[in-house]
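Note sheet for the following structure.
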Amino acid sequence: MNSIFFDLSFVDQINSAVIRLVAQHGDFFHDITRILLIHFLVPLEKFLIGLSPVVVLLGIGVLAWHALRRWTTVVALVAGLYLIGCFGLWDKLMQTLALMLVSTTLTIAIGLPMGIWMSASPRLRKVLEPVLDVMQTLPTFVYLVPVLMLFGLGKVPAVLATVIYALPPLVRLTDLGIRQVDKEVVEASRSFGSTPWQLLINVNLPLARPSIMAGLNQAVMMALAMVVIASMIGSRGLGEDVLSGINNMDMGRGLQGGFSIVILAVVIDRITQAYGKGRRERQALRQKRKGGQA
Amino acid sequence: MNSIFFDLSFVDQINSAVIRLVAQHGDFFHDITRILLIHFLVPLEKFLIGLSPVVVLLGIGVLAWHALRRWTTVVALVAGLYLIGCFGLWDKLMQTLALMLVSTTLTIAIGLPMGIWMSASPRLRKVLEPVLDVMQTLPTFVYLVPVLMLFGLGKVPAVLATVIYALPPLVRLTDLGIRQVDKEVVEASRSFGSTPWQLLINVNLPLARPSIMAGLNQAVMMALAMVVIASMIGSRGLGEDVLSGINNMDMGRGLQGGFSIVILAVVIDRITQAYGKGRRERQALRQKRKGGQA
Amino acid sequence: QSNVCSPDQTIKFAGITWESGQLYTSLIRNLLEMGYGCKTEVVTGSSAATETALVGNDLQVWVEQWNRTDIVKKGQEMGKIRLVGDLLSGGGAIEGFFVPDYVVKGDAKRGIKASAPDLKSVSDLPKYKALFKDDEEPGKGRLLSCPVGWDCEKINTQKLKAYKLEGDYTNFRAGTGAALDAAITSAIERGKPILFYYWSPASLMGKYKLVQLQEPTYNEKCWDTLKDIKVKDVCPSASPKNKLTVGVSTPFATSNPGAVAVMEKLQLNADQINGAVVQMTDRKASSDVVAREFMKANPAVWQKWVSADAANKINAALK
Amino acid sequence: MNDTQGSIEIKQIYKIFGNGSDTALSMLKAGASKQEVLAKVGCNVGLNNVSLNIPAGKIFVIMGLSGSGKSTLVRHFNRLIEPSAGEILVNGQNVLKLAPSGLRELRRKTMSMVFQSFGLLPHKTVSDNVGYGLSLRGEKKAEVAERIQHWIDRVGLKGYEHSYPDELSGGMRQRVGLARALVMDPQILLMDEAFSALDPLIRHDMQTLLLELQTTLQKTIVFITHDLDEALRIGAHIAILRDGELVQTGTPEQILNQPADDYVRRFVEKRSQGANTPPH
Amino acid sequence: MNDTQGSIEIKQIYKIFGNGSDTALSMLKAGASKQEVLAKVGCNVGLNNVSLNIPAGKIFVIMGLSGSGKSTLVRHFNRLIEPSAGEILVNGQNVLKLAPSGLRELRRKTMSMVFQSFGLLPHKTVSDNVGYGLSLRGEKKAEVAERIQHWIDRVGLKGYEHSYPDELSGGMRQRVGLARALVMDPQILLMDEAFSALDPLIRHDMQTLLLELQTTLQKTIVFITHDLDEALRIGAHIAILRDGELVQTGTPEQILNQPADDYVRRFVEKRSQGANTPPH
Ligand SMILES: Nc1ncnc2c1ncn2[C@@H]1O[C@H](COP(=O)(O)OP(=O)(O)OP(=O)(O)O)[C@@H](O)[C@H]1O
Ligand SMILES: Nc1ncnc2c1ncn2[C@@H]1O[C@H](COP(=O)(O)OP(=O)(O)OP(=O)(O)O)[C@@H](O)[C@H]1O
Ligand SMILES: N[C@@H](Cc1c[nH]c[nH+]1)C(=O)O
Ligand SMILES: [Mg+2]
Ligand SMILES: [Mg+2]
């Protein structure tokens, strides 16, 4: 039928290449996993689980208050987390939280500089764009198997997959935001002899802030959308409940797990977004609370 | 242990509610599915598959040229699709394409107005934001099962899930873009007596364009990231290969399927982004090609 | 023939997510299509999705049912589906705890020394917990277990309790069957020790040399305590063999008794199915290809399952 | 009502920016100054009890210190800003009571504005910017092309029809804003420092244009400027603002010869001084 | 080299905006006009063979029609724009050959600029905007707070230290830009229509300030203005541009009494005309 096509297939080559890679270098990658786990992920998780829920809830409440300055929201966020505890999912919540803290931190640490760099170099953008496309659309499932053959099951490949998936929106929107900064302001800053770094800190980042924060919001959302996938490769947490809910057609359990993920997403998002607000907005907010007038 | 928590669980209620819903209204929803399928999805798919690959490749080539005006890119895009054909995945490509066309169209048709509306009404934003959070972070798997019980297996729930997942970034970035439009330009437009609609068409949308296009890019990316999930509920297409590749540890096949999805994503993205360029950029592009000077 | 399948209906088969199920599916489809002129189609999807669809008669046939999920149990109770046939001779499928054979015997060719020469039964496991170390749970060994939500995952949890291994081993749930397979393959390709739950028929069984650990003998009462996750007071028992059946939707079964009759007769032995499945993984051949080859090579096996008339047609079609 | 065609009347307008405008308003009414309000409540006072009568068919000049509320004032005439208190009548009609559609009509037909900071549409070419108001009114592009071109030529931008605002110099941008308002041919023109970026030659030419418009077509023109010479040349009436308050209104002669207070006197003095300083 | 401290010299500068600048450049060198180039190649000519000598320690005024290239010219001095051809010497040093760090030093220490369209940082308060250049230089906030406050007061913005640019009037924004440049205390000040949005009182005050700076501290000030009175009052030299070309340079007397051509004569004439038109 489709006679215009050559017959082409890399299936066998890919398969044997993966197997060879695993056989030859699998130990090395597994060692990396072990080091990351022992020195980093496991202690963090142990720490979080070890904390009394009261302390965690209080801590998050204080943090939320500091960021948001709005009782209603703070109470809603803390109540949401408390609800997860009532579902009996507190330990899993802490496991997922640990995973998310690590993934989001990594995403920001990689994504922000990458976006900044990209905004400065059209050539880099040309190279990076298809890579970002791949990161975002190559189904996680596809690389999950090779990745977990290399790194083993569990948290490390989960963090890896999450970062890969959550990175592109942050990079893209950072890039976009900086490119949209008013040229006249940039020119004025340059005229006073700003170094590229000063320009970035004083002009580009603050003025691109709304766009960057939208990128961060997307990154957080996508990271949390990966929680279930993370559980598919043996990472503990809220995703487990969703998975087992699905596998057993126990929609109730799945939904409870799913909504716990949503609550966590909203908590993380609201707090990061509030901290991402500009000084001026935060000031205005505080005044509004005080003055009572809109 | 975690004694501060009440014991709370809606599992049984949810489960029986779903079962009741299915028993009572399942036929109705199945009818919707059937109508959509018979009058819309199936004919479109049949049409696409019926076309000779030469025609499709040529058509996409012409479209890409019209949008991009750049031989190298056009050739690369068409070659990418041709490669998918060589993998023997042409029919599946067409099935996925049909699904994507429908999903993306729906996403734009819903997301753009929603974002515009949201930018105009802070109250709506307050209500909609948590909904968007849920849409994006509630794991697809969780609602897939109830959806599937209601609508049956196949394309319709796949489109539904895809639209739900792809919508939020478009809505959010449309909203953001419009809110960032220069107040002075808006004021000038109002001073000449523009209606809200004229303001939207002449000022808000064109000036928010970069942000909206970033949202569309994210929506397309996320829609294509859903292809595999779509296959999990019996929707035909490239996702099938990925799934079976995974299930059988046939990483080669999975990767080939995965990369086919990536290629399709890139093709759709590049063409939509090019059409989203402003008149001025497109003009500049054409001149550059002609003049040869950067 | 009219009671085998109605001409205007396409029989929809669930796409099974593991090889043996795919092979059985291909066999049945070949028999029905070639022998009786039926129209069939496979709809892929996750097990939960396809099982749900079967209960709703969106799908008609779900081959290689292990009959362990709640969906299937409830579907049966409500009379929406039936489980028919006995696909694997010798009582059915087996499951248990496995290690690669080089762990016990070593592998001279790859230069691997036996790391647990005395490991024979689950009671030996506490000694070797350092060998099967779980990095995420330092101090414990790792039993690579079923994905969350599979019945075997819960059974393994109960077994760890019953075998008094709870303190020494984690029940490490692979998230999916694919993840489980990948983890095992990775360990074996690298020649590392690994302790995992597995079952047969399966391609891994044919592909690698594995050693099953002995478990306390089967005891029906104890087995019942293992099957129910809520029971605290567990006693040890090995898993019994599991009968593999074909799930059919009740409407389909009532209107197509002839097709159901074929499925009821169909049966392979462990060697046959494992041999065929290995073909699939080794050559990455599709189940359709392997099923055809199998039918060509073993006409005697399948001719018993169909009418003489149908057998002739199938033979003709195979040429 | 024909004699009020083009007249603007405002009554006791207050405008306070920022939160806490209620407190600020009562402070102002009790006689507090702009500076006191800023210091105490943190609110910027834009206008403080301004009443004004702008007759139809004349050029009315508004002057005052930078930050005294001139731009804020004219923005009230077409209700781009809602006053904190007060009344605004255009052609005898209460602008604050207009429904959205009525307000739109007013802005489309009756008055056009030139903005101090131009307010051009950055994504449209010069000719599309100039034609923008017309297109809002629903006039067809082909029909108005000639008028657009006429005004582009008139402000001296021939040849730049297809340029974008960011490719123009400051004065050229200002002229695009001018042409955009003039092409609307409204009864009332609101011009906020509309000539500030123009060189003397073009500026003189534009002043002449305004005078022509006023004499031949009886337009009402509200003109904000810092240039006393300009005010004297074209203004039939001059109003002087200070810290959001109206200090004096009157004909140029009145302003020159009977300054209401020291502030106005200094405004007037500078003129002769600046011109008389010998080059060094 | 001390006598060149603060001098600027430019040699045969061409600046062409847009694609196809090579063709345009050769056309210009062959004597084509700005209009011809725009029509044929579609390129905007910013500057056309301009050579200029700006002596140290004087106020040098640049005038010319709107769009004649004044802003483009001063942007070359601190290399915000790269010329299409030509040479730029500041303090005898070729600016075009400076490494990024050298250029930065020049901009931080030697020259500050006031922009025609202000170029304020919208997210910073008035006092942070004014202190911006100092912070770039690495000076501590606490140490410079007094100087910042001094200049905020000097330009008349006391009380607005914590306001944001979008809460200010046009003239107030311009004064923030002024203070931002003045607080740097540079050898050379580039002022692009720096007083255009100011009222006469403040404007006169600022002119006086510039004259003081020049006489007491020997600053070099390059000043673009459209106001001939202003030019005559403060300028030691005046240069007049037209269509990107330099038409005449000289002392105010020379410009007034020996205009190089008709164009310059008309520039000078308007002055007396404008002032003499009687109010009506
Ligand atoms: N970025 C740009 N792209 C294209 N053309 C430009 C650009 N900037 C300036 N020009 C053109 O260069 C010429 C000179 O502009 P410039 O801003 O230097 O004028 P100016 O003398 O400062 O005028 P004004 O008094 O109106 O500020 C104008 O014709 C303008 O259109
Ligand atoms: N959006 C705003 N928010 C807060 N204060 C504002 C706002 N707009 C104007 N103001 C304040 O209102 C006062 C009057 O501003 P306005 O722009 O009317 O002055 P102006 O007379 O036009 O001055 P200029 O001659 O400098 O343009 C100023 O003190 C200014 O700070
Ligand atoms: N699904 C089965 C396990 C299985 C065996 N083979 C394939 N699957 C269970 O729940 O235990
Ligand atoms: Mg103003
Ligand atoms: Mg200029």
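Numbers restart at 1 for each chain; the letters A, B, ... are given by sequence-line order, proteins then strands. Note that the structure is predicted; figures quoted are calculated from it, not measured.
- A donor-acceptor pair under 3.5 Å is formed between the side chain of Tyr82(A) and the backbone N or O of Ile4(B).
- Note that the CD1 atom of Ile14(B) and the CG atom of Leu255(A) stand 5.0 Å from one another [nearest 0.5 Å].
- Atom CD1 of residue Ile268(B) and atom OG1 of residue Thr137(A) lie 10.5 Å apart, to the nearest 0.5 angstrom.
- With a 4.5 angstrom heavy-atom cutoff, Leu243(B) does not touch chain A via any of its atoms.
- Atom CD of Gln180(A) is separated from atom OG of Ser211(B) by 6.5 Å, given to the nearest 0.5 angstrom.
- Across Gly258(A) and Val142(B), no two heavy atoms sit closer than the pair CA-CG2, 4.1 Å.
- If you measure heavy-atom distances from Met226(A) to chain B, you find no contacts under 4.5 Å at all.
- The parts of Val134(B) that come within reach of chain A are both its backbone and its side chain, each placing non-hydrogen atoms under 4.5 angstrom from that chain.
- Only the side chain of Met232(A) comes within contact range of chain B, with at least one heavy atom under 4.5 Å from a heavy atom of that chain.
- For the options Ile19(B), Ile261(B), Leu176(B), Leu57(B), heavy-atom pairs under 4.5 Å to chain A are most numerous at Leu176(B).
- Between chain A and the residues Arg253(B), Gln136(B), Met222(B), the largest count of heavy-atom pairs under 4.5 Å involves Gln136(B).
- For the set Pro146(B), Gly177(B), Pro168(B), the entry with the most heavy-atom pairs within less than 4.5 Å of chain A is Pro146(B).
- Note that OH of Tyr165(B) is 11.0 Å distant from CE of Met221(A), once rounded to the nearest 0.5 Å.
- Heavy atoms of Leu83(B) lying under 4.5 Å from chain A belong exclusively to its side chain.
- Annotation: side chain to side chain donor-acceptor pair (under 3.5 Å) contacts involving residues 260-271 of chain A, sequence neighbours excluded, comprise Asn217(A)-Asp269(A), Arg270(A)-Asp133(B).
- Contact of Met135(B) with chain A is not made at all, since no heavy-atom distance falls under 4.5 Å.
- Atoms CG and CG, from Asp182(A) and Asp182(B) in turn, are 8.5 Å apart once rounded to the nearest 0.5 Å.
- Per-residue heavy-atom pair counts under 4.5 Å with chain B were compared for Ala225(A), Cys86(A), Gly254(A), and the maximum is reached by Cys86(A).
- Taken from CZ in Arg172(A) to CD in Gln218(B), the straight-line distance is 5.5 Å, to the nearest 0.5 Å.
- Neither the backbone nor the side chain of Ile263(B) comes within contact range of chain A; no heavy atom of the residue lies under 4.5 Å from a heavy atom of that chain.
- With respect to chain B, the highest number of heavy-atom pairs below 4.5 Å among Ser9(A), Ala214(A), Gly252(A) belongs to Gly252(A).
- By number of non-hydrogen pairs under 4.5 angstrom with chain A, the leading residue of Ala17(B), Pro210(B), Pro130(B) is Pro210(B).
- Of the atoms belonging to Leu144(A), not a single heavy atom falls under 4.5 Å from chain B.
- Only the side chain of Val228(B) comes within less than 4.5 Å of a heavy atom of chain A; its backbone N, CA, C and O stay farther away.
- Ring-plane geometry between Trp90(B) and Phe5(A) is classed as tilted, the angle between the planes lying from 30 to 60 degrees on a 0 to 90 degree scale.
- Residue pairs that meet the side chain to side chain donor-acceptor pair (under 3.5 Å) test with at least one member in residues 11-20 of chain A, sequence neighbours left out, are Asn15(A)-Asp250(B).
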